[in-house]
Number of protein chains: 2
Amino acid sequence: MAPKTRAENRAEQTRAILDRARAQLAEVGPAALSVRQIARDVGMVSSAVYRYFPSRDELLTALIVEAYDELGAAVEAADAHVKRRTDLDKRFLAWANAIRTWALANPHEYALLYGSPVPGYVAPDDTVPAASRITGALLSLVAESELAQHVLGAPTNRLSTKERTALGPVRDAIPSPVEDERMLRWLMAWACVFGHLSLELFGHMHRGVLDYDAHFAQVTGQLAADLGLTG
Amino acid sequence: MAPKTRAENRAEQTRAILDRARAQLAEVGPAALSVRQIARDVGMVSSAVYRYFPSRDELLTALIVEAYDELGAAVEAADAHVKRRTDLDKRFLAWANAIRTWALANPHEYALLYGSPVPGYVAPDDTVPAASRITGALLSLVAESELAQHVLGAPTNRLSTKERTALGPVRDAIPSPVEDERMLRWLMAWACVFGHLSLELFGHMHRGVLDYDAHFAQVTGQLAADLGLTG
DNA sequence: ACATTTCGAGAGCAGTGCTCTTGTTTTCGT
DNA sequence: ACGAAAACAAGAGCACTGCTCTCGAAATGT
């Protein structure tokens, strides 16, 4: 029995609360997450929890950050498992499949991250850097595809001038310059992947598509082809 | 003062509750919608509301159905405003723009329909037919594009056999047969549009894209081109 | 005209997020 | 090493929620 110092104890309690909160999140979803229930489960009184998280919403954002980190780590691990780094199609598929695998394993967490924000629109808070890991992994692929001089697999319209300026920030997020049309195709792939996932996980594909795995594979394969990553 | 009959009164009260609920939904979102507050607003006691809607969830599903109907009507109206019925690209853009316009005007309703389902996964209930109006409008365009023998604007991979059988139900929802690759491209467009909308409305495009209007126009225009609707 | 159903109102229950107060314990400055 | 200061757990309490039950009053069907 080490005579726990105050900081140690605080760290332990914080973890215990977060762990129990994640478990409850997986069971009942974000809407039904109860601070009092969490307090009971970890063996303290509800008001004590507020010494660690000032409100339920802050607890939720902590869970969001944790979930983003977990998903980001999964994505990066999947990418690292592709041996030939120049196989950008494999890396793109690894990116998409990692997200889908994680989402299927943690549907409530996915809903928390990419579904409707529960307490109104969350202002730009400390969840942004964690969330950037996922898109950042994709942007790396964009840069590498540009450097590899891949030619797009589908004819792509020239960007309107408004659109060109509209994409300024995302372009700035990539160190090297990227062709207009390529940038657009990658953004479309981004929307298509998350659109598929949200439609699938939120029950909008129930009638219409039988085998989600097959459909996702077909879609992502097509996206890779459109991006010129294959061959 | 007509001596309101019982059925009349019931219809009026039901409407009053629904109207007030929609207003409150637009103000505070689905999570914070309160039966008691609605009751106060319409001038009755909370328990009286339960004579009209057996639970809060049933009230929410009624709101979902209403929202689907409103969105469906908006989509159909937008489609009807395209004079040359063979201009499938214009009709596709009308479809996409109608959804986005409605979503921007009613973000909380959009979140209710296409965001994370609030009370766990809603089982297949009476919301399905209302929801089918939106996808149904898209499927009509698929059928017409096939009949018009449009040739896809982007090279498309052959479907895997698993994928071909996976798409059985959606194919059955269209009276006339549809080419495999065309079906896939339309499903991708479907996911891409809703993916864009969810990413935009739920705040994931905040950094990255400045002008959502321009980007959406560019994306949907590209989708129409990929589907072979232009020219 | 009467029995049945429908309805509104109120009380009440169990639960929630959150605040405040009250002792107790750990930490820190001197 | 000791006393001031900060951190902490516990409990009571407030305002609120969804929902149930009972009780009278009103409209309905026969």
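Sequence lines set the chain letters: A, B, ... in the order given, protein chains first and strands last, and positions in each chain run from 1. Note that the structure is a prediction, hence the values are computed from the model and not measured.
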Taking only side-chain N and O atoms of A:S34, does any of them lie within less than 4.0 angstrom of OP1 or OP2 on C:dG17? yes

Just checking, is any N or O donor in the side chain of A:Y68 or A:S132 under 3.5 Å from an acceptor N or O on the other one? no

By the 4.0 Å heavy-atom rule, please label A:V45 as base, sugar-phosphate, or nothing. base

Contact class for A:S55 (heavy atom, under 4.0 Å): base, sugar-phosphate, or nothing? sugar-phosphate

What does B:Y52 touch in the nucleic acid at a heavy-atom separation under 4.0 angstrom: a base, only the sugar-phosphate, or nothing? sugar-phosphate

Toward the 5' end of DNA chain C, which comes first, A:P54 or A:Q37, by nearest nucleotide? A:Q37

For residues A:T127 and A:T61, is any side-chain donor paired with an opposing acceptor at under 3.5 Å? no

Upstream residue (5' side of DNA chain D) when A:M44 and B:S46 are each assigned their closest nucleotide: A:M44

Can a donor-acceptor pair be found between the side chains of B:Y110 and B:S198 at a distance below 3.5 Å? yes

To the nearest angstrom, the CD-C1' distance between A:E8 and D:dA7 comes to 16 Å

Here the distance between atom C1' of D:dG11 and atom CZ of A:R51, to the nearest Å, is 13 Å

Rounded interatomic separation in angstrom, taking CZ from A:F53 and P from D:dC8: 13 Å

Interatomic distance, A:I38 CD1 vs C:dT16 P [rounded to whole Å]: 10 Å

Looking just at side-chain N and O atoms, do A:R10 and A:Q13 make a donor-acceptor pair shorter than 3.5 Å? no

When rounded to whole Å, the CZ to P distance for the pair A:R40 and D:dG11 reads 14 Å

Please confirm whether the shortest side-chain N or O distance from A:Q13 to OP1 or OP2 of D:dC8 is below 4.0 Å. no

Base, sugar-phosphate, or nothing for A:L33, non-hydrogen atoms under 4.0 angstrom? sugar-phosphate

Just N and O in the side chain of B:R10: are any of them under 4.0 Å from OP1 or OP2 of C:dT5? no

Between CD1 of A:I17 and C1' of C:dG17 the distance, given in whole Å, is 15 Å

Ignoring hydrogens and geometry beyond distance, is the side chain of B:R36 in donor-acceptor contact with the base of D:dG18 at under 3.5 Å? yes

5′-ward residue of the pair B:R6/A:S47 relative to DNA chain D: A:S47

From CG of B:N9 across to C1' of D:dA26 the rounded distance in Å is 11 Å

Only one of B:W190, B:F216, B:Y114, B:F202 passes ring pair (Phe, Tyr, Trp, His ring centres under 6.0 Å) with B:H196, and that residue is B:F216

Separation of B:R56 atom CZ from C:dA14 atom C1', in whole Å? 17 Å

